[in-house]
Amino acid sequence: MQDSTICAISTGLTSSGIGIVRISGHKAFSIIKKIFKTKKDIDITEGESHKAYYGHIISGREVIDEVIVLIMKGPHTYTTEDTVEINCHGGVAVMKKVLDLVVRSGARIAEPGEFTKRAYLNGRIDLSRAEAVMDLISSKNEMALKNSVKLLDGGLYEKIRDMRDMILEHTAYIEAALDDPEHYSLDSYGDKILPDVDKIISDVDNLLKTFDNGRIITEGIRTVIVGKPNVGKSTLLNILSGSEKAIVTDIPGTTRDYLEEEINLDGITLNLVDTAGIRQANDEVERIGVERSFENMESADLVIYVVDLSVPLDDNDEKIMSSISGRKSIVLLNKSDLETRINIEYIKARFDNILIISAKEHKGTDELKKMIRDMFFNGELSFNDEICITNLRQKNLLSDALESLHLVRQSVHDGMPEDFFSIDLLNAYNSLGFIIGESVESDLIDEIFEKFCMGK
Amino acid sequence: MSEIFDVCVVGAGHAGCEAALACARLGLKTIIFTVSIDSIALMPCNPNIGGSSKGHLVREIDALGGEMGINIDKTFIQSKMLNKSKGPAVHSLRAQADKQEYSRSMRKVLENQDNLIVKQAEVTDLIIDEGKVTGVKIGSGLSYSAKAVVLCTGTYLKARCLCGEAINYTGPNGLQPANYLSDSLRAAGIELQRFKTGTPARMDKRTIDFSKMEEQFGDDRVIPFSFTTDPDTVQIEQDSCWLTYTNDKTHEIIRNNLDRSPIYAGVIEGTGPRYCPSIEDKVVKFSDKDRHQVFIEPEGRHTNEMYVGGMSSSLPEDVQVEMYHTVPGLENARIVRNAYAIEYDCIKPDQLKPTLEFKKVSGLFSAGQFNGSSGYEEAAAQGILAGINAAMHCLGKDCIILDRSNSYIGVLVDDLVTKDITEPYRMMTSRSEFRLLLRQDNADLRLTSIGHDVGLISRERYDHLIEKERLISEETDRVSTVYLGANERVNSFLRDHGSTPLISGSSLIELIKRPELTYDDLAPLDDDRPNLPLEVRDQVNINIKYDGYIKRQIRQVEQYKKTENKKIPESIDYSKVKSLRIEAVQKLTKFRPLSIGQASRISGVTPADISVLLVYLERFDHKQD
């Protein structure tokens with residue numbers, strides 16, 4: 001029997017806005033009782049199992065969503081534990097809110113593959129499937145890892161690393177002084193550390209707010225437009241976003257060379273990324289831009305490869321083609337208003353989804369939208385629900401770090417001895433480390449020996 | 001024809017002494033070998049026992065029924081509780097030892113221990129039969145049969161001492177090295193590595209000008225190391241230590257002669273410890289520091305030799321003389337013994353189980369510097385554990401494992417067998433994640449019942465412990481029921497103690513939690529307080545004062561225990577675990593962790609690997625059914 005209660009969004013985050021938040025574990029029922037109210041205010045966990053109830057998810061006095069809740073008592077559930085499924089209707093943002101509330105009420109975000117793992121560990125799945133479970137865990141983790149890297153673009157990684165550096169530096173000093181009190185003094189170190197702790201607290205606070213505003217990550221099909229310079233990528237972006245009157249959000253903190261916009265294509269959210277044109281770079285800045293273009297391709301759910309059909313293919317096209325082969329992609333042969341100078345058959349032999357368009361003359365753009373729609377509804381294209389989960393997991397870790405830092409501040413205010421500071425500092429260091437996929441290992445000891453001269 | 005013993009202990013340093021005493025006291029016929037009877041419990045480097053986190057180890061050894069604490073209580077000449085102004089978790093006892101007395105006193109204990117034979121001889125070979133150790137062979141060709149062997153060879157294996165260009169193939173202090181055992185170990189498939197350490201020069205006290213140094217005193221009231229020592233017996237007259245500093249001139253001389261340092265000239269092969277760098281290292285690595293501390297400490301009461309702490313070196317003698325003479329107070333000092341570096345063979349400790357038995361060779365245990373650690377206390381701590389487990393092995397009982405949640409010894413051993421040890425390992429309080437629970441003041445509460453179960457702690461001592469536990473818990477409960485009104489008696493008391501007066505009534509507990517007050521301070525306000533011994537009052541005070549922090553760590557320990565209790569069968573073949581990453585397979589195969597908890601601490605093993613492993617183990621369990 002597992003002792004923690006886990007939760008996750010167990011359907012893909014489709015734009016239809018309907019999805020299921022699933023909770024499993026011994027606290028599942030007590031959590032749902034806290035956050036779910038039916039009209040008659042009955043105790044839904046008292047009734048029979050496998051029954052659905054209509055009502056609202058509430059947080060304090062705020063109504064978050066109108067939902068159907070399914071109560072399933074263990075052991076007759078997938079995981080064999082008490083399980084609750086909340087059918088949400090309010091869209092992706094609301095679903096995230098519900099999940100967040102479930103976490104605050106005592107569950108934790110499930111690890112990738114954890115529901116299935118529990119089902120297995122609790123004897124629900126037979127032995128022959130064990131290996132499939134193991135595969136699932138390791139592949140889901142790999143995906144989650146990729147996602148977290150994806151999310152950590154845009155300076156977040158650097159910010160967290162800077163905070164960790166600062167924390168480690170103070171912790172190492174305190175520990176060095178405790179280890180060798182005759183060499184290093186901790187006199188009024190609390191006063192010294194407080195401004196830095198406050199600074200990190202406010203930085204973490206700000207990051208958390210950004211998470212709440214949903215601005216660090218936008219959910220959608222990550223669609224990356226690539227191609228050589230001047231093939232019409234930006235025109236395409238403007239057409240796709242402009243004609244739909246989509247809400248356009250700039251991602252903050254960008255000193256970047258690519259542009260992201262969120263558009264809505266008949267109810268499907270696309271997270272469009274326009275990248276720097278790919279060619280043999282002449283200078284460092286451009287080289288970095290080109291590198292980023294390739295990185296963006298790596299993390300794409302869909303790549304739109306734009307080719308200027310009036311210019312012959314060259315090495316750069318070969319490079320792009322080889323890096324998108326195997327990915328979900330659409331090849332746009334743009335500038336159909338000009339004379340064709342490329343071998344279209346050559347491209348057809350390598351890619352399935354090819355459209356000839358003229359972005360300038362708005363020819364073929366409707367076909368493009370239809371093609372994307374079809375791919376989505378055929379299930380060929382989906383976005384990765386792990387992103388949202390990873391995102392929430394990171395948010396929780398940030399909250400943990402914040403709590404630890406507040407404890408440090410409390411210890412300083414209470415006049416506790418310095419050795420108490422470093423315990424919570426190290427906890428904060430760990431939580432932040434998990435966000436960027438780094439653990440403590442021997443960081444602290446290394447830092448002590450690196451910075452402080454100690455010994456007989 | 002060979003004599004038959006239960007346990008052979010090889011080496012009579014701090015590890016060997018504890019190991020041999022543990023075995024003999026548990027009733028096993030034990031023999032301990034040393035290359036020199038005169039070097040039993042020798043302290044070839046610093047003249048201290050204890051210090052930050054090392055003091056914790058000594059307390060733990062004592063709580064388990066070891067000898068180190070008792071021996072230093074008998075032979076110390078100065079004692080200090082370090083970090084007294086800090087939290088109780090980092091209070092650490094450190095004593096200056098009279099080295100010769102320490103060694104002599106331990107020798108007496110060994111020589112008079114029932115079931116223990118002390119023998120001067122160099123052990124040259126291990127006798128191993130089908131993966132089981134069956135005895136040892138000594139230099140004369142004689143062999144000794146044993147059910148278990150504990151290797152505690154310290155820095156003696158293929159030892160080489162370096163002092164500038166002068167290289168001597170000796171153990172510490174010019175003692176005879178052990179040149180053959182390494183080959184026998186290799187032949188048994190045991191992997192060795194080469195470590196290095198060093199020691200500073202010793203000076204003639206008569207030639208030191210102490211007026212240029214700061215005098216360092218011991219504590220007014222000395223606290224003994226051993227829980228069995230009557231505190232009144234250790235209130236002796238203490239000797240002083242002295243503090244002075246290096247300066248620009250010292251550093252210049254060192255820099256000018258770096259090419260003659262065996263380390264910088266590349267002569268030394270072994271890896272030295274980062275935490276106790278030679279003065280050469282300090283000057284090179286911390287070139288921004290314009291001075292380094294130097295502690296002048298007595299080596300004992302029957303000698304004029306003074307230890308020059310902080311200036312270990314392997315520079316040639318002529319440079320040493322010049323260098324030491326730049327230090328205020330040492331201008332005319334005469335060197336009695338030169339500083340030197342020593343290189344030696346030791347094992348890669350990942351070959352050991354957390355019981356300190358070799359994974360490959362049944363009945364073969366090891367402890368101390370041979371395992372890649374450094375320090376007398378670290379050695380003794382492993383010594384007592386290896387000794388107990390060698391005894392358990394002979395008696396056919398389960399070996400004991402100390403873990404990270406109950407002791408620094410557990411942290412030490414877990415680190416040794418789970419991490420890549422690439423330099424001599426020293427204990428530090430920052431290595432212990434649960435240090436608020438692993439205090440030097442509660443080592444007995446943590447470990448004495450284990451010592452009793454094993455058989456090293458007497459019934460009487462155990463009963464005392466049970467009584468102490470009862471008093472602590474009763475008094476903690478009682479205090480939680482005491483309430484104080486906001487009356488003039490209480491408030492004038494608080495004002496007198498620099499504490500804010502009460503506006504409304506308060507529990508006594510809330511007042512004890514104030515940083516400026518303690519349980520003892522508040523006695524005048526606590527009318528029904530029983531008369532309790534200091535050791536009980538201290539625990540009550542700490543339990544109440546740091547309650548929040550302690551509870552948090554207890555919760556963390558509960559989490560830790562869950563993974564620790566999930567055992568991995570020894571027969572597991574990681575290459576058969578599908579979906580496990582190659583790196584994880586390699587690491588797990590190399591370390592062969594005993595539990596999921598231990599596996600999760602191996603660097604390069606990810607949480608996902610652990611998840612996969614858990615699923616696999618579940619299947620394994622079913623297969624066994």
Side-chain angles (χ1 to χ4, degrees), chain A residues 3 111-114 117 120-121 123 127 130-131 133-142 144-145 171-172 174-183 186-187 407 411 414-420 422-424 426-427 434 437 439-442 444-446 448-456, chain B residues 45-46 48 51-53 82-83 85-90 199-200 216 243 273-277 281-282 285-286 289 292-293 295 309-310 312 419 428-431 433 435-436 513-516 546 549 552-553 562 577-581 603 606-609 611-612 614-616 618-619 622-623:
Chain A
D3 57 303
E111 297 296 326
E114 194 170 4
K117 178 176 142 192
Y120 173 74
L121 289 181
L127 295 179
E131 288 188 346
V133 175
M134 284 148 67
D135 271 345
L136 178 82
I137 293 169
S138 76
S139 67
K140 280 240 179 190
N141 268 284
E142 204 170 309
L145 207 68
T171 316
I174 293 172
E175 291 302 315
L178 294 171
D179 197 66
D180 206 348
E182 282 152 332
H183 274 73
L186 284 172
D187 287 348
L407 286 168
S411 299
D414 288 350
M416 297 299 287
E418 293 80 357
D419 52 304
F420 287 90
S422 56
I423 291 173
D424 290 310
L426 216 53
N427 287 340
F434 285 130
S439 60
V440 196
E441 306 262 318
S442 56
L444 177 61
I445 305 288
D446 287 344
I448 293 173
F449 294 148
E450 186 67 31
K451 296 257 172 75
F452 303 98
C453 176
M454 20 214 308
K456 52 188 179 182
Chain B
C45 193
N46 56 319
N48 332 101
S52 186
S53 77
L82 301 177
N83 285 328
S85 63
K86 306 295 178 288
V90 294
T199 193
Q216 310 273 307
L243 173 61
R274 284 176 297 176
Y275 51 78
C276 87
D281 278 343
K282 290 184 187 180
K285 268 187 70 186
F286 300 96
K289 288 197 101 182
H292 294 280
Q293 286 179 326
F295 287 96
S312 79
K419 296 199 165 134
M428 300 169 83
T429 55
S430 50
R431 296 194 195 267
E433 58 273 53
R435 73 176 174 207
L436 275 179
K513 282 185 177 171
R514 292 185 176 185
E516 64 276 12
Y546 307 109
Y549 294 89
R552 270 201 286 143
Q553 290 222 322
K562 274 181 198 138
V577 184
K578 218 181 147 241
S579 318
L580 206 54
R581 293 170 318 112
S603 73
T606 67
D609 297 328
S611 252
V612 167
L614 276 170
V615 171
Y616 179 84
E618 194 66 20
R619 189 179 62 166
H622 287 297
K623 270 191 183 163

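In what follows, chains carry the letters A, B, and so on, assigned in the order in which the sequence lines appear, proteins first and then strands, with residues in each chain numbered from 1. FYI, side chains are in, hydrogens and waters are out, and symmetry mates aren't considered; it's all heavy atoms of this structure.
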TODO: Decide salt bridge (charged side-chain N to carboxylate O under 4.0 Å, His left out) for Arg552(B) and Asp424(A); before the verdict, give the C-alpha distance in whole Å, the side-chain angles of both, and the deciding distance to 0.1 Å.
DONE: CA-CA 11 Å; Arg552(B) 270 201 286 143; Asp424(A) 290 310; 2.5 Å; yes
Task: Toward chain B, the part of Ala177(A) with a non-hydrogen atom under 4.5 Å - done: backbone
TODO: Select, from Asn427(A), Thr171(A), Asp419(A), Ile174(A), the one with the greatest count of heavy-atom pairs under 4.5 Å involving chain B.
DONE: Asp419(A)
Open item on the list: Can a donor-acceptor pair be found, under 3.5 Å and without considering hydrogens, that links the side chain of Arg435(B) to the backbone of Ile423(A)?
Closed with: no
Task: Under 4.5 Å from any heavy atom of chain A - which part of Lys562(B) - done: side chain
Task: Heavy-atom proximity to chain B below 4.5 Å, by part of Ser411(A) - done: both
TODO: Search all heavy atoms of Pro417(A) against all heavy atoms of Ser85(B) and return the closest pair with its distance.
DONE: CB-O, 4.2 Å
TODO: Check each atom of Thr606(B) against the heavy atoms of chain A and say whether the ones under 4.5 Å are side chain, backbone, both or neither.
DONE: neither
Open item on the list: When you compare the side chain of Met416(A) with that of Pro515(B), does any pair of heavy atoms fall below 4.5 Å?
Closed with: no
- [ ] For the pair Ser52(B) (side chain) and Leu178(A) (backbone), establish whether a donor and an acceptor sit closer than 3.5 Å, ignoring hydrogens and angles.
- [x] yes
TODO: Measure Gln553(B) against the heavy atoms of chain A and call it side chain, backbone, both or neither at under 4.5 Å.
DONE: side chain
Task: Closest heavy-atom pair and its distance - Glu182(A), Gln293(B) - done: O-NE2, 2.6 Å
TODO: With the side chain counted from C-beta on, respond yes when Phe420(A) and Leu436(B) share a heavy-atom pair under 4.5 Å apart, and no when they do not.
DONE: yes
Task: Nearest-0.5 Å distance, CG of residue Asn83(B) to CG of residue Asp179(A) - done: 9.0 Å
TODO: Name the region of Arg514(B), side chain, backbone, both or neither, that has any atom closer than 4.5 Å to a heavy atom of chain A.
DONE: neither
Open item on the list: For Asp414(A), which atoms come within 4.5 Å of any heavy atom of chain B: side chain, backbone, both, or neither?
Closed with: backbone
Open item on the list: Please check: side-chain N/O of Glu418(A) versus main-chain N/O of Lys86(B), any donor-acceptor pairing under 3.5 Å?
Closed with: no
